[in-house]
Amino acid sequence: MGNKRTGNGQAQSVPVATDPAAVRNVVLVGPSGSGKTTLVERLLATTATISRRGSVTEGSTICDHETAAVEQQRSVGMAVAPLWHRETKINLVDTPGYADFIGELRAGLRAADAALFVVPATEEVDSATRTIWQECDRVGMPRAVLISRMDQPRADATAAIESCVAAFGSGVVPLYLPRYHGGSPTELFGLLTGSSYDYSQGSTPIVRASAEPPDEATGAGRDRLLEGIIAGSEDETLLERYLGGENIEEATLISDLEAAVARGGLHPVIPVSAETGIGMTELLDGIVRAFPSPLEHVLPEFTDPHGAGPRRLECDPNGPLAAEVVHTSVDAYVGRVSVLRVFSGTLSPDRPAHVSGHGLAERGHPDHDSAERVGHIHSPLGAGLREVPYCVAGDLCALTKLTSAETGDTVSDPRDPLLLQPWDMPDPLLPMAVTGHGDEDSLARNLNRLLAADPTLRLDRSTETHQMVLWCMGEAHAEVILQRLRENGVDVDTEPVRVAFRQTFRGPAKGHGRHVKQSGGHGQYAVCDIEVQPLERGAGFEFADRIVGGAVPKQFIASVEKGIRAQLERGIEPECPIVDLRVTLVDGKTHSVDSSDAAFQAAGALALKSAAEQAGLLTLEPVDEVEVHIPDDHLGTVLGDLSSRRGRVLGTEPEDNGWTVVRAHVPSTELTRYAINVRSLSSGSASFSRSFAGYEPLPQ
């Protein structure tokens with residue numbers, strides 16, 4: 001048994017899962033405002049995990065414990081809330097519904113074995129939810145659908161179910177249908193069991209076996225459900241029995257329902273209301289009876305820390321230890337908290353561990369391997385940590401003080417170190433320049449903590465603009481990052497992001513550099529003449545010499561080149577390097593005593609400046625290649641917006657599902673806030689990527 005934690009009505013005893021077969025890991029997915037966090041709160045109260053329900057509006061829920069979540073009244077991070085039902089441990093993983101926090105959603109998908117898509121009965125399925133459904137489909141994750149907010153005045157369960165079928169496909173089949181009395185839903189009818197679940201007297205349903213024959217709609221719904229179950233069954237005789245009119249026993253149907261859900265072909269729908277409690281018992285029963293256990297989850301491939309020796313592990317508590325850090329946070333009192341999904345083996349306290357992190361170096365997370373020691377093991381309940389004696393394969397737990405562990409890292413046995421490749425993360429595309437007032441060390445230290453916790457965050461320290469630029473997923477993500485920094489005592493501010501320009505010569509030119517100084521003793525003497533020819537974009541810098549007769553000794557030719565290169569990097573104008581030139585040294589003069597390396601470097605720089613005055617300079621701006629994925633309904637709007645940003649469309653490629661990919665070259669200065677703008681233009685449905693394409697002349 002585990003331990004004690006008080007506060008927010010949490011129970012003090014913590015049972016421990018001993019068998020992966022008795023664990024269900026379920027991630028809640030849905031748009032912001034669909035009621036996921038409220039639903040988790042109701043389920044925790046229904047199972048007596050907490051003694052009273054918290055409220056999103058009051059900021060008292062288990063999952064939304066961070067200051068930003070409380071103030072914004074929406075989730076900004078992944079949270080784990082375990083509960084027990086019918087001797088089964090259910091790890092509910094609550095995830096944000098807002099697009100800026102897609103990294104937290106991906107972490108939740110990695111931690112889970114099945115997904116609950118929460119769709120409000122007052123709305124249709126949005127495009128962002130469709131995209132996540134397709135993502136789950138690609139990896140074969142089992143899914144079910146909850147029609148939430150049934151108690152709302154504009155709720156229409158039938159329309160919501162039809163919207164889900166249209167968005168997700170014919171595999172979406174109701175498991176229960178709501179029944180209304182006095183205009184409000186007070187009852188669910190089980191299409192599989194044939195029983196009604198009456199909630200008119202409270203949150204605990206009164207179950208009645210239905211004595212009346214089902215109406216036409218209910219009968220059709222039951223037929224669809226049975227046909228879906230039979231299609232996913234391995235029992236080839238089941239179809240014949242069904243067509244023959246045989247009454248198939250409920251236990252058989254439930255067993256085959258689990259098989260169909262686990263294979264990803266059938267997606268049961270359950271109407272629920274977290275406010276009134278309708279559907280909570282049916283949902284819990286459905287998770288236990290119809291969702292797969294970790295034993296049925298095909299584990300991702302592991303290698304050694306160097307990427308060699310691919311291995312497939314099983315969800316075996318006696319197997320080699322293999323766990324992944326799926327979430328990282330920093331607690332003001334206990335420090336770094338790492339939430340782990342244990343894929344294989346059993347995690348025990350006071351044991352050495354190997355921590356590996358590879359594959360995210362380009363995002364500012366250098367590859368690392370380190371030796372750590374597992375201290376106390378905890379069962380996380382939102383921000384709460386309750387000590388447990390161990391964590392078996394298939395379960396989730398939390399560790400404190402793994403000082404080197406970052407989100408996405410692999411924790412394994414030092415005698416058999418393993419590495420799991422990090423899950424795919426979208427690129428952060430909204431830049432934010434941050435500056436600390438006074439304590440730069442504190443800013444850097446806290447930024448490193450945030451980077452360790454959030455793989456969707458990237459930090460660039462620009463040597464050209466001398467700015468510290470954080471790349472975020474969007475405006476809401478950026479606001480949360482700033483708030484976390486300030487809560488940790490960092491006096492941080494933002495400033496406009498500066499774009500690094502370049503310059504090149506408008507045409508060929510000649511330059512003369514003369515550096516002569518006398519100050520008593522050895523002086524400085526160097527003279528050189530150069531010819532400059534602009535090159536095509538991206539060609540870089542070329543240096544040649546046509547010195548004859550030793551006008552410039554060989555040892556000083558390299559000095560001239562060094563001086564020219566230094567001036568190119570400095571630029572003629574501050575912070576604007578010069579690029580794409582061929583410089584040829586054609587003549588010069590030297591002095592037997594006063595000539596030196598430093599003198600010829602100075603002369604080379606002066607010669608370049610002289611040539612620049614003659615030819616004139618052309619300013620170049622960076623241009624990115626942008627790839628926008630957009631629904632066809634918004635194509636014209638996005639194309640018009642790209643044109644207004646001086647974009648040059650390279651082509652459009654239609655996709656099969658009503659989407660189009662647009663490729664264009666767009667100046668980087670026009671893309672600073674494009675992550676926000678394109679989302680607004682497309683009602684949140686579009687996504688884009690960008691990569692550096694080169695430099696082009698800045699319009700006059």
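All heavy atoms count here, side chains included; hydrogens, waters and symmetry mates do not.
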Visitor: I need the full list of ring pair (Phe, Tyr, Trp, His ring centres under 6.0 Å) pairs touching residues 261-282, with sequence neighbours left out, sorted by first then second residue.
Guide: Trp133-His267
Visitor: For Thr57 and Ser55, which I'm curious about, is there any donor-acceptor pair between the side chains at under 3.5 Å?
Guide: yes
Visitor: Side chain to side chain donor-acceptor pair (under 3.5 Å), that's the test. Do Ser356 and His354 meet it? Break it down for me.
Guide: CA-CA 7 Å; Ser356 289; His354 183 273; 3.1 Å; yes
Visitor: Given Val480 and Glu66, is the side-chain contact (heavy atoms from CB on, under 4.5 Å) satisfied, shown in steps?
Guide: CA-CA 10 Å; Val480 169; Glu66 195 171 345; 4.2 Å; yes
Visitor: Taking the basic N atoms (NZ, or NE/NH1/NH2) and the acidic carboxylate oxygens, is any pair closer than 4.0 Å for Asp350 and Arg373?
Guide: yes
Visitor: How long is the span from the CG atom in Leu238 to the CD1 atom in Ile230, to the nearest 0.5 Å?
Guide: 4.5 Å
Visitor: State, without any angle test, whether Thr38 and Glu275 hold a side-chain donor-acceptor pair at a distance under 3.5 Å.
Guide: no
Visitor: Taking Ser148 for its side chain and Ser34 for its backbone only, find out whether a donor-acceptor pair lies under 3.5 Å.
Guide: yes
Visitor: Give a yes or no on whether the backbone of Ser370 and the side-chain of Ser404 come within a donor-acceptor separation of less than 3.5 Å.
Guide: no
Visitor: Any side-chain heavy atom of Met78 sitting closer than 4.5 Å to one from Val326?
Guide: yes
Visitor: Do the non-hydrogen side-chain atoms of Asp395 and Val342 ever get within less than 4.5 Å of each other?
Guide: no
Visitor: Show your working on side chain to side chain donor-acceptor pair (under 3.5 Å) between Glu187 and Ser200 and close with a plain yes or no.
Guide: CA-CA 7 Å; Glu187 186 179 339; Ser200 60; over 6 Å; no
Visitor: Tell me, do His65 and Cys63 make a side-chain contact under 4.5 Å, heavy atoms counted?
Guide: no
Visitor: Would you check, one step at a time, whether the test salt bridge (charged side-chain N to carboxylate O under 4.0 Å, His left out) holds for Glu324 with Arg110?
Guide: CA-CA 9 Å; Glu324 183 177 27; Arg110 185 74 155 205; 2.8 Å; yes
Visitor: Roughly how far apart are Glu58 CD and Arg53 CZ, rounded to 0.5 Å?
Guide: 10.5 Å
Visitor: Please confirm whether the backbone N or O of Arg224 pairs with a side-chain atom of Glu227, one donor and one acceptor, at under 3.5 Å?
Guide: no
Visitor: Tell me, yes or no, whether the heavy-atom count around Glu314 atom CD, taken from other residues, nucleotides or ligands under 6.0 Å, exceeds 12.
Guide: no
Visitor: Would you say Arg351 has more than 12 foreign heavy atoms packed within less than 6.0 Å of its CZ?
Guide: no
Visitor: Starting at CG of Leu385, measure out to NE2 of His378 and round the result to the nearest 0.5 Å.
Guide: 5.5 Å
Visitor: So how far is it from Leu116 CG to Ile270 CD1, rounded to the nearest 0.5 Å?
Guide: 7.5 Å
Visitor: Rounded to the nearest 0.5 Å, what separates atom CD in Glu258 from atom CZ in Phe291?
Guide: 10.0 Å
Visitor: Between Ser75 and Gly77, is there a donor-acceptor pair closer than 3.5 Å when you use the side chain of the first and the backbone of the second?
Guide: no
Visitor: Do any N or O atoms from the side chain of Thr95 and from the backbone of Glu104 form a donor-acceptor pair under 3.5 angstrom?
Guide: no
Visitor: Do Asp409 and His358 have side-chain atoms, one donor and one acceptor, less than 3.5 Å apart?
Guide: no
Visitor: If only atom types and distance count, is the side chain of Arg336 paired as donor or acceptor with the main-chain N or O of Thr400 below 3.5 Å?
Guide: no
Visitor: Run the side-chain contact (heavy atoms from CB on, under 4.5 Å) check on Val27 and Val29 step by step: do they pass?
Guide: CA-CA 6 Å; Val27 59; Val29 178; 4.2 Å; yes
Visitor: Could you check if a side-chain atom of Thr218 sits within less than 4.5 angstrom of a side-chain atom of Leu191, using non-hydrogen atoms only?
Guide: yes
Visitor: Please report the closest heavy-atom contact between Val392 and Ala17, naming both atoms and the distance.
Guide: CG2-O, 3.6 Å
Visitor: Quick check: Phe189 with Tyr197 (ring centres under 6.0 Å apart)?
Guide: no
Visitor: Charged N to carboxylate O under 4.0 angstrom, Asp113 versus Arg341?
Guide: yes
Visitor: State, to 0.1 Å, how close Leu43 and Thr47 come at their nearest heavy-atom pair, and which atoms those are.
Guide: O-OG1, 2.9 Å
Visitor: Taking Asp416 first and then Arg311, would you say they form a salt bridge - that is, a charged N and a carboxylate O separated by under 4.0 Å?
Guide: yes
Visitor: Apply salt bridge (charged side-chain N to carboxylate O under 4.0 Å, His left out) to the pair Glu249 and Arg241, showing each step before the final yes or no.
Guide: CA-CA 11 Å; Glu249 56 273 14; Arg241 293 169 60 191; 3.2 Å; yes
Visitor: Looking only at heavy atoms, which two atoms of Pro271 and Pro178 are closest? And how far apart?
Guide: CG-CD, 3.7 Å
Visitor: Output, in order, the C-alpha distance, side-chain angles, deciding distance and verdict of side-chain contact (heavy atoms from CB on, under 4.5 Å) for Leu146 and Leu283.
Guide: CA-CA 9 Å; Leu146 301 182; Leu283 172 57; 3.6 Å; yes
Visitor: Which heavy atom of Cys397 sits nearest to which heavy atom of Cys391, and what is that distance?
Guide: CB-SG, 3.6 Å
Visitor: Between Asp285 and Thr281, is there a side-chain heavy-atom distance shorter than 4.5 Å?
Guide: yes
Visitor: When you check the gap from the basic side-chain N to the acidic O, do Lys36 and Glu41 get nearer than 4.0 Å?
Guide: no
Visitor: Please check this pair: side chain of Thr129 against backbone of Val125, looking for a donor-acceptor N/O pair closer than 3.5 Å.
Guide: no
Visitor: How long is the straight-line distance from OG of Ser344 back to CG of Asp316, given to the nearest 0.5 Å?
Guide: 6.0 Å
Visitor: Decide yes or no for Val76 and Pro96: does some side-chain heavy atom of the first lie under 4.5 Å from some side-chain heavy atom of the second?
Guide: no
Visitor: Can Arg106 and Asp424 be counted as an ion pair, charged N to O under 4.0 angstrom?
Guide: no
Visitor: The test is side chain to side chain donor-acceptor pair (under 3.5 Å); show your working for Thr328 and Thr407 and say whether it passes.
Guide: CA-CA 6 Å; Thr328 307; Thr407 300; 2.8 Å; yes
Visitor: Compare all side-chain heavy atoms of Trp84 with those of Thr49 and state whether any distance is below 4.5 angstrom.
Guide: no
Visitor: Does NZ or CZ of Arg143 fall inside the cone over Phe117's six-membered ring, less than 6.0 Å from its centre and within 45° of the axis?
Guide: no
Visitor: If every non-hydrogen atom of Met280 is compared with every non-hydrogen atom of Ser273, which pair is closest and at what distance?
Guide: CE-O, 4.0 Å
Visitor: Verify side chain to side chain donor-acceptor pair (under 3.5 Å) between Ser379 and Arg386, making sure each step is shown before the conclusion.
Guide: CA-CA 5 Å; Ser379 174; Arg386 305 164 302 165; 3.0 Å; yes
Visitor: Atom CZ of residue position Arg312 - does it have more than 12 heavy atoms of other residues, nucleotides or ligands inside 6.0 Å?
Guide: yes
Visitor: Using a 4.5 Å cut-off on heavy atoms from C-beta on, say whether the side chain of Glu135 contacts that of Leu109.
Guide: yes
Visitor: Under 3.5 Å, is there a donor on one side chain and an acceptor on the other for Arg74 and Ser32?
Guide: no
Visitor: To check you understand the geometry: which heavy-atom pair defines the closest contact between Tyr176 and Gly190, and what is its length?
Guide: CD2-CA, 3.4 Å
Visitor: Using modelled atom types and a 3.5 Å cut-off, is there a donor and acceptor pairing between side-chain atoms of Ser255 and backbone atoms of Thr252?
Guide: no
Visitor: Show your reasoning for whether side-chain contact (heavy atoms from CB on, under 4.5 Å) applies to Val40 and Ile62.
Guide: CA-CA 8 Å; Val40 171; Ile62 290 292; 5.9 Å; no
